[in-house]
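Report on one structure; see the data block that follows.
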Amino acid sequence: MITLHAPDFRLDACLTSGQTFRWMAHGDWWHGLIGRHVVRVRQEGEMLSYEASEALSAEQVRAYFALDVDLPGLLRQIDVDMQVHAAIQRFRGLRVLRQDAWETLASFICASFNNITRIEGMIERLCQACGDPAALAGFRTFIFPDAETLAGVPERRLRALGLGYRAPYLRAAARRVADGRLPLAHLREVDYPTAKRALLACEGVGDKVADCVALFGCAQDAAFPIDVWMERVLRYYFRHRKITRAVAHDYAQRHFGPYAGWAQQYLYHDVRHQRATPPPTGRHASRAMTREAITI
DNA sequence: CGCCAGGTGCTGA
DNA sequence: TCAGCACATGGC
């Protein structure tokens, strides 16, 4: 077992905030994969411990959990209004993970117009059907199938896994990655608009999915995915008027700046968490936040 | 059973 | 540019 120092970090928030779909809680441990490595991780205070099925360096783990990011400095940049401030206070330590770009692209194609529970099931069946088996002690799982593999899977087989109309989109994206038309590794090196434009070339990838892949899979910290939840959150900055996602996205970019994606992750996790555990009275808090929103 | 889900592509104004 | 619509599926 290897232990690293992980200040300003909250593992459970990272793994339950809708940016990753395969981690499972097992007592104090979380079981999952980092790339092709089967891993279990556990947080105790400022310490993060892990075990892996094969050599997995501390640097790879640090990179995956974005522990190299100066979180206090970053939060200072996005802590620009009452609403995001409250989310930061509640979930300080939440970080945007640095996941594999292909797995992120494939996962978020499956995520479109879908709910998280079913997304998890679809991805798990996809891995069982097309991925290589792997294990860590008693934990057995399957590696996420690579693009070359999925490019050769017939659409009807993907439909049989429950992907529905997303099946042809996933197959086409796999082809595009496998044959090099979409150079995913390169998208970490270019600027955000360039990365997003490249992702949008895939069928079944619109603004929201492209932003998720850019943010979670390509280290594009400015990317700002807007789904139905974020649309509700952002409406609040416009005095609850109806707004198009394009307007909301443009506003968020200017309002939060180069780390807008991290603000998005805090707001998203916060609104989802509020639904799960509603606050006791909320009256004063919501009035204060409304007043703040109006002055923006 | 009806509504909803980390949307996208297409169409017609 | 933008609203309106179809699209598969299953969780709740």
Side-chain angles (χ1 to χ4, degrees), chain A residues 13-23 84 87 91 94-97 99 101 103-126 129 154-174 176 182 196-218 220-236 238 241-252 260-278:
Chain A
C14 292
L15 300 183
T16 61
S17 54
Q19 50 180 327
T20 185
F21 299 106
R22 300 199 64 203
W23 290 92
V84 74
F91 297 107
L94 168 61
R95 289 167 185 261
V96 172
L97 302 178
Q99 301 178 70
E103 178 172 345
T104 306
L105 173 59
S107 296
F108 279 93
I109 285 174
C110 295
S112 76
F113 196 38
N114 208 345
N115 63 70
I116 288 183
T117 310
R118 190 160 82 102
I119 296 163
E120 291 169 347
M122 282 167 46
I123 292 171
E124 210 50 47
R125 288 192 296 278
L126 184 66
E155 180 188 321
R156 63 179 179 283
R157 189 138 175 264
L158 295 176
R159 283 185 184 272
L161 298 171
L163 297 198
Y165 64 85
R166 307 165 190 83
Y169 294 153
L170 179 59
R171 190 170 143 82
R176 192 172 272 274
L182 179 59
K196 183 167 179 178
R197 202 175 321 123
L199 292 163
L200 286 171
C202 296
E203 285 178 82
V205 176
D207 285 312
K208 189 268 173 184
V209 171
D211 277 327
C212 284
V213 179
L215 179 62
F216 305 136
C218 301
Q220 295 289 349
D221 297 316
F224 196 95
I226 300 179
D227 71 327
V228 291
W229 294 95
M230 285 307 298
E231 197 174 321
R232 290 169 199 150
V233 169
L234 288 167
R235 204 169 275 174
Y236 186 84
F238 294 82
R241 283 173 297 183
K242 255 199 230 174
I243 46 165
T244 65
R245 290 193 181 188
V247 168
H249 190 272
D250 182 61
Y251 172 81
W262 292 64
Q264 178 277 153
Q265 200 57 23
Y266 273 88
L267 291 168
Y268 177 81
H269 189 51
D270 193 42
V271 66
R272 301 266 325 205
H273 197 269
Q274 278 177 30
R275 187 194 53 148
T277 58

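Proteins get letters first, then strands, A, B, ... in listed order; numbering begins at 1 in each. We use all heavy atoms of the structure for the numbers below, so side chains are in, but hydrogens, waters and symmetry mates are not. Worth saying up front: this structure is predicted, and the values here are computed from it rather than measured.
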Checklist entry - For A:D270 and B:dG6, what is the distance between atoms CG and P respectively, to the nearest whole Å? => result 16 Å

Checklist outcome for this item: In whole angstroms, the gap separating P of B:dG6 from CZ of A:F224 amounts to 17 Å

Next on the checklist: By the 4.0 Å heavy-atom rule, please label A:E231 as base, sugar-phosphate, or nothing.
Outcome noted: nothing

Checklist entry - Tell me: CD1 of A:I109 to P of C:dA8, nearest whole Å? => result 16 Å

Checklist entry - For A:E120, which contact category applies under a 4.0 Å heavy-atom criterion: base, sugar-phosphate, or nothing? => result nothing

Checklist entry - Rounded to the Å, how far apart are A:D250 CG and C:dC2 P? => result 11 Å

Checklist entry - Which is true for A:S107 with a 4.0 Å heavy-atom rule: it touches a base, it touches only sugar-phosphate, or it touches nothing? => result nothing

Item to check | A:M122 CE - C:dG11 P separation (whole Å) | outcome: 12 Å

Next on the checklist: Over all strands shown, is A:F21 touching base, sugar-phosphate only, or nothing at heavy-atom distances under 4.0 angstrom?
Outcome noted: nothing

Checklist outcome for this item: Reading nucleotides 7-13 of chain B from 5' to 3' and marking B where a protein heavy atom lies under 4.0 Å of the base, S where only the sugar-phosphate is that close, and - otherwise, the string is BSS----

Checklist entry - Between atom CD1 in A:I116 and atom P in C:dG10, what is the gap in whole Å? => result 18 Å

Next on the checklist: With rounding to the nearest 0.5 angstrom, report the CD1 to SG distance, A:I109 to A:C212.
Outcome noted: 11.5 Å

Next on the checklist: How many whole angstroms separate atom CD1 of A:I119 from atom P of B:dA5?
Outcome noted: 12 Å

Checklist entry - What is the distance, rounded to the nearest whole Å, between atom CZ of A:R272 and atom C1' of C:dC12? => result 13 Å

Checklist outcome for this item: Whichever of A:V247 and A:R118 has the more 5' nearest nucleotide on DNA chain C, that residue is A:V247

Next on the checklist: Strictly distance-based, threshold 3.5 Å: is any side-chain N or O of A:R22 a donor or acceptor partner for the main-chain N or O of A:I123?
Outcome noted: no

Item to check | Check: A:F224 ring centroid to A:Y268 ring centroid under 6.0 Å | outcome: no

Checklist entry - Are the side chain of A:Q19 and the backbone of A:C14 linked by a donor-acceptor contact shorter than 3.5 Å? => result yes

Checklist outcome for this item: Among the nucleotides B:dA5, C:dC12, B:dG6, whichever has the atom closest to the side chain of A:R232 is B:dA5

Checklist entry - Is the number of heavy atoms from other residues, nucleotides or ligands under 6.0 Å of A:E120 CD greater than 12? => result yes

